[in-house]
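Order of the sequence lines fixes the chain letters, A, B, ..., with proteins taken first and strands second; residue numbering starts at 1 for each chain. The analysis underlying the following values was restricted to heavy atoms, covering all of them including side chains, and did not include hydrogens, waters or symmetry mates.
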Amino acid sequence: MPLKLYNTLTRRKEVFESLEPGKVKMYYCGVTVYDYCHLGHARACIIWDIARRYLSWRGYDVRYVQNFTDIDDKILNRAKAEGSTMQEVAERFIQAYFEDMARLNVMEANEYPRATHTLDGIKRLIHDLEQKGYAYPASGDVYYSVRAFPEYGKLSGRKLEDMQAGAGGRTDADPEATKKKDPFDFALWKAAKPGEPSWESPWGAGRPGWHIECSAMVRDRLGDTIDIHAGGSDLIFPHHENEIAQSEPATGRPLSRYWLHNGMVNVGGEKMSKSLGNFTTIRKLLDSGLDPMALRLFILQAHYRKPIDFTDEAIAAVQNSWETLKEGLLFGYKFGEKLGWTDTADPFFGDPAAMRINLESDPVQRFQTSMDDDLNTSGGVAVLFELAKELRKEGNILTHEGKTEADAQTLRQQWQTLVVLAEILGLAAKPVEPESLKLTDSEITALIEQRQIAKQAKNFAESDRIRDQLKAQGIVLVDKPGGVTEWHPG
RNA sequence: GGGCUAGUGGCGAAGUGGUCUAACGCUUCGGUCUGCAAAACCGACAUUCCCCGGUUCAAAUCCGGGCUAGCCCUCCA
């Protein structure tokens, strides 16, 4: 079964074939660093992280590049407001970005190019476009001549004529309009303004326009044609359309074979965005107690191209869902020893990279079939739940009966399969060291005995009090038939 | 006004011509267990997939029309 991906360029699912066998060059259009990342960014980062992980698992050597746009009006405005510099603001939010992504278990890219580090490439690209007649200078600015590129609009599926009707309001107010030969033209280079950072160039001091840095970074780091260019659907137009317009005439080659776009995160039926002010930052949400893995699960339960609605109910539901999955993932740590597995003390125990699973097994096949279908993560997650529930059931039997009919090696295979597949989705759980336990075993045993006496005296108020007290300390009691009570860390 | 998506149970969400009396998760309600619980397990919860037509032996799935929603056309993941 081949992997199929929905290509925005052709508006259909296509069989994925990389340019170079076994290798994938992937570029994710990252963030403009002028504020903390919100859930919308989280969705994009997570879904492309998974695309990358899945391609790797499918055997590709993936080179994953993600940019930071660190030259931008909004960064500048923030710097002015804070009495700081553009560089300082950018640096701070890049740092924050890495902190947030580490919590969400997003793998690091191979490279993180920045606009400020790519000035040579940007200038070279503008120069090439000018030479070939796609760009023209205008009093310190340089503009891209949209009408010089007949394919303009092919990604977003629009024609210049269609756009004219809606563009009226903007072009009137655009201060650059007078310099442009055509209202559709866009800036490649902007002349320096007093007090703003600028770089020397053949067209005078200035700074790059918004779209050009991505074209330049892709070319510098990955080459003329890449396999996958990914980003939010709100970037299709104008950002990605313009990238194509800049890159393809300059290199004479297609910029990317596949264009992938994720859907938006909505709040109350509206897109979450900074300008609307309806955003929730990743750190705020995680600091409020939401498990980062639950947040990942929230994003994975929907298909990446569809919009998802962010609500308190959805978050509450997914917290519970994650508990189920987590129990499955912790199965080996909790019960491996009891089942006679011999390597539970091994330093690599639980590491998916060290696990060998049966790739022909039904769960793996179903997982792969789902993921091959344009990264259908919700189908993939369904497989994880089936495995996790099976393990939870066995775990419960082991807790209560002390043994199980199930074969220890079969359970081991199931657990490892779960761990490996979950890892592809970036979902992982490690046992928490029970250092939080303030009570010693003998103290616990003593309390259980006290409770037993209270129970026999039918003093249930007292016995429940002891149970609640232990629960508050992270000890869960299990009453078994015959008046025996066992405990385990909650 | 133009372009693009989508509308499936109480909620979220897969499925895109027959195996669908519709996966999976959450919630709710029964039952087992228990002094009561918790956990877990067993079971129930859409004969139906926005509406109206059409194609077909067969449609949630294809086609036409309608209604509704979101995204883009301005900075945006």
Answer with base, sugar-phosphate or nothing: what part of the nucleic acid does A/Cys29 contact at a heavy-atom distance below 4.0 Å? sugar-phosphate
In whole Å, what separates the P atom of B/rU47 from that of B/rG64? 29 Å
Please determine, for the side chain of A/Ala44, which listed nucleotide (B/rA38, B/rA77, B/rA13) has the closest atom? B/rA77
Sugar-phosphate only, base, or nothing, as touched by A/Ala302 at under 4.0 Å among non-hydrogen atoms: sugar-phosphate
So which pairs with a foot in residues 449-477 of chain A pass salt bridge (charged side-chain N to carboxylate O under 4.0 Å, His left out), sequence neighbours left out? A/Arg451-A/Asp479, A/Lys455-A/Asp479, A/Glu462-A/Arg465, A/Asp464-A/Arg467
Across all chains, not counting sequence neighbours, the side-chain hydrogen bond (donor to acceptor under 3.5 Å, both in side chains) partners of A/Ser198 are none
Taking for each residue the nucleotide of RNA chain B bearing the nearest heavy atom, is the 5' side occupied by A/Asn396 or by A/Phe298? A/Phe298
Between B/rG70, B/rA77, B/rC73, which nucleotide gets closest to the side-chain atoms of A/Asn266? B/rG70
Using atom C1' of each nucleotide, how far apart are B/rU32 and B/rG70 to the nearest Å? 46 Å
If you only use heavy atoms from C-beta on, which nucleotide in B/rA37, B/rA77, B/rC75 is closest to the side chain of A/Arg467? B/rA37
Does A/Lys393 have a side-chain nitrogen or oxygen under 4.0 Å from the phosphate oxygens OP1 or OP2 of B/rC42? yes
Distance, P atom - from B/rG43 to B/rG10, rounded to whole angstrom: 23 Å
Watson-Crick or G-U wobble partner for B/rC11, using a 3.5 Å limit on both distances? B/rG25
Contact class for A/Ile236 (heavy atom, under 4.0 Å): base, sugar-phosphate, or nothing? nothing
Look at the aromatic rings of A/Tyr112 and A/Tyr97 and report parallel, tilted or perpendicular, splitting at 30° and 60°. perpendicular
Name all residues meeting the side-chain hydrogen bond (donor to acceptor under 3.5 Å, both in side chains) criterion together with A/Asp362; count only those two or more places apart in sequence or in a different chain, and write none if there are none. A/Arg366
Find the partner of B/rU47: check Watson-Crick (N1-N3 plus N6-O4 or O6-N4) and G-U wobble (N1-O2, O6-N3) distances, both under 3.5 Å, and reply none if neither fits. none
Interatomic distance where NZ belongs to A/Lys180 and C1' belongs to B/rU74 [whole Å]: 11 Å
With sequence neighbours left out, which residue pairs that include part of residues 64-79 of chain A fulfil the salt bridge (charged side-chain N to carboxylate O under 4.0 Å, His left out) condition? A/Asp35-A/Arg78, A/Asp73-A/Arg207, A/Arg78-A/Glu82
Nearest 0.5 Å please: distance from the CG atom of A/Leu391 over to the OG1 atom of A/Thr324. 12.0 Å
Heavy atom of residues 449-460 of chain A under 4.0 Å from RNA chain B: which residues? A/Arg451, A/Lys455, A/Phe460
Check side-chain contact (heavy atoms from CB on, under 4.5 Å) between A/Ala245 and all other residues, then give those that pass, not counting sequence neighbours. A/Tyr144, A/Phe149, A/Tyr152
Return the set of residues passing side-chain contact (heavy atoms from CB on, under 4.5 Å) with A/Glu14 (not counting sequence neighbours), or none when no residue passes. A/Asn7, A/Thr10, A/Arg12, A/Tyr258
Taking the P atom of each, how far is B/rC52 from B/rU61, in whole Å? 12 Å
Mind checking if A/His38 touches a base, just sugar-phosphate, or nothing, with heavy atoms under 4.0 Å? base
Pick out the pairs of N or O atoms, protein on one side and nucleotides 19-26 of chain B on the other, that lie under 3.5 Å.
| from | atom 1 | to | atom 2 | distance (Å) |
| --- | --- | --- | --- | --- |
| B/rG25 | OP1 | A/Lys389 | NZ | 3.3 |
| B/rG25 | O2' | A/Ser321 | OG | 2.2 |
| B/rC26 | OP1 | A/Thr324 | OG1 | 3.1 |
| B/rC26 | O3' | A/Asn320 | ND2 | 3.3 |

For A/Phe331 and B/rA40, give me the distance from atom CZ to atom P, rounded to whole Å. 15 Å
Under 4.0 angstrom, heavy atoms only, what part of the nucleic acid is A/Gly269 near: base, sugar-phosphate, or nothing? sugar-phosphate
Reckon A/Asp468 touches a base, only the sugar-phosphate, or nothing at all at heavy-atom distances under 4.0 Å? nothing
What distance, rounded to whole Å, do you find between the two P atoms, one in B/rA59 and one in B/rC20? 15 Å
Within the 6.0 Å centroid threshold, strictly below: A/Phe93 and A/Tyr36: yes
Take atom C1' in B/rU74 and the same atom in B/rG12, then report the distance between them in whole Å. 33 Å
Only pairs at least two apart or in different chains count here, so list each ring-ring contact (aromatic ring centres under 6.0 Å, His included) that has a residue in residues 259-300 of chain A. A/His38-A/Phe279, A/His229-A/Trp259, A/His240-A/Trp259, A/His240-A/His261
Counting the atoms with a prime plus P, OP1 and OP2 as sugar-phosphate, which does A/Gly153 contact under 4.0 Å by heavy atoms, base, sugar-phosphate, or nothing? nothing
Using a 4.0 Å heavy-atom cut-off, does A/Asn376 contact any base of the nucleic acid, only the sugar-phosphate backbone, or nothing at all? sugar-phosphate
Could you work out, with side-chain contact (heavy atoms from CB on, under 4.5 Å) as the rule, every residue matching A/Arg63, not counting sequence neighbours? A/Asn110, A/Glu111, A/Leu222
Could you give the distance separating B/rU48 and B/rC29 at their P atoms, to the nearest angstrom? 26 Å
A/Lys271 vs B/rC72: side-chain N/O to OP1/OP2 distance below 4.0 Å: yes
Let me know, please, whether A/Met264 or A/Pro238 comes out on the 5' side of the other along RNA chain B by nearest nucleotide. A/Pro238
In whole Å, what separates the P atom of B/rA60 from that of B/rC49? 7 Å
Taking any strand in view, what nucleotide pairs with B/rA40 in a Watson-Crick or G-U wobble way, both distances under 3.5 Å? B/rU32
Sequence neighbours excluded, which residues qualify as side-chain hydrogen bond (donor to acceptor under 3.5 Å, both in side chains) partners of A/Thr377? none
Can you check nucleotides 3-10 of chain B for protein contacts, nitrogen or oxygen pairs under 3.5 Å, and list what you find?
| from | atom 1 | to | atom 2 | distance (Å) |
| --- | --- | --- | --- | --- |
| B/rG3 | O2' | A/Gly157 | O | 2.7 |

Pair A/Lys393 + A/Glu390, salt bridge at N-O below 4.0 Å: no
So which nucleotide does B/rA69 pair with, by the Watson-Crick or G-U wobble rule with both distances under 3.5 Å? B/rU5
Between A/Asp407 and A/Thr410 (side chain of the first, backbone of the second, donor and acceptor by atom type, cut-off under 3.5 Å), is there such a pair? yes
